[in-house]
Amino acid sequence: MIAKVVDPLPEWLKAAHGLRDRAWALLAEHFPADRAELEDARRRLVFDEFFRIGLAVLWMSGLQQSGSGVRAVPHGPLVRRFLGQLRFALTGGGQAAWEEIPGAPA
């Protein structure tokens with residue numbers, strides 16, 4: 001069943017960030033061979049989560065069309081509202097991931 005999991009990330013993106021396949025990460029999260037494998041799996045799944053959050057924030061912030069493509073408004077009121085409503089503080093890793101999003105408020 002785990003083999004049917006579709007990995008939405010392209011190979012070049014996984015290679016650029018040193019990420020494993022999504023199916024592998026889901027399996028290793030529940031049945032890791034060791035601590036290092038568990039951390040590798042978590043890193044991949046956390047990347048997925050922040051990637052989706054980033055996409056949602058861009059969509060909710062109101063994308064603006066420009067002549068050369070789509071430009072996001074990362075400092076808009078919806079982004080500030082989203083960050084203000086989190087019921088937790090971002091961890092050091094979460095903050096670092098957030099800051100990697102182009103244009104994200106630090």
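Not measured: the values here are computed from a predicted model. One is the number of the first residue; the rest follow in order along the sequence.
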Could you tell me which non-hydrogen atom of A25 sits nearest to which non-hydrogen atom of A41, and how far apart they are?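 Where A25 meets A41 most closely, the heavy atoms are O-CB, 3.4 Å.
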
Grouping I, L, V, M, F, W and Y whenever their side-chain heavy atoms are under 4.5 Å apart, do [X] and [Y] come out in a common cluster?
{"X": "V57", "Y": "V46", "result": "yes"}
{"X": "L38", "Y": "F31", "result": "no"}
{"X": "W24", "Y": "V5", "result": "no"}
{"X": "W12", "Y": "L55", "result": "yes"}

Once side-chain hydrogen bond (donor to acceptor under 3.5 Å, both in side chains) is applied, what residue pairs with a partner in residues 42-55 remain, sequence neighbours excluded?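 side-chain hydrogen bond (donor to acceptor under 3.5 Å, both in side chains) check on residues 42-55 returns D7-R44, R22-D48, R44-D48.
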
Suppose the criterion is side-chain hydrogen bond (donor to acceptor under 3.5 Å, both in side chains): which pairs have a residue in residues 27-40, not counting sequence neighbours?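 Residue pairs passing side-chain hydrogen bond (donor to acceptor under 3.5 Å, both in side chains), neighbours aside: none found.
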
Please list, chain by chain and in numerical order, all residues satisfying ring-ring contact (aromatic ring centres under 6.0 Å, His included) with F47, sequence neighbours excluded.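 F47 satisfies ring-ring contact (aromatic ring centres under 6.0 Å, His included) with H17 once adjacent residues are dropped.
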
Just wondering, more than 12 heavy atoms not from F50 lying within 6.0 Å of its CZ?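 Count over threshold, so yes.
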
Under the side chain to side chain contact (heavy atoms under 4.5 Å, CB included) test, which residues partner F88, sequence neighbours left out?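 In terms of side chain to side chain contact (heavy atoms under 4.5 Å, CB included), with neighbours along the sequence ignored, F88 is linked to L86, L90.
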
Please identify each residue that fulfils side chain to side chain contact (heavy atoms under 4.5 Å, CB included) with E11, with sequence neighbours left out. K14, D21

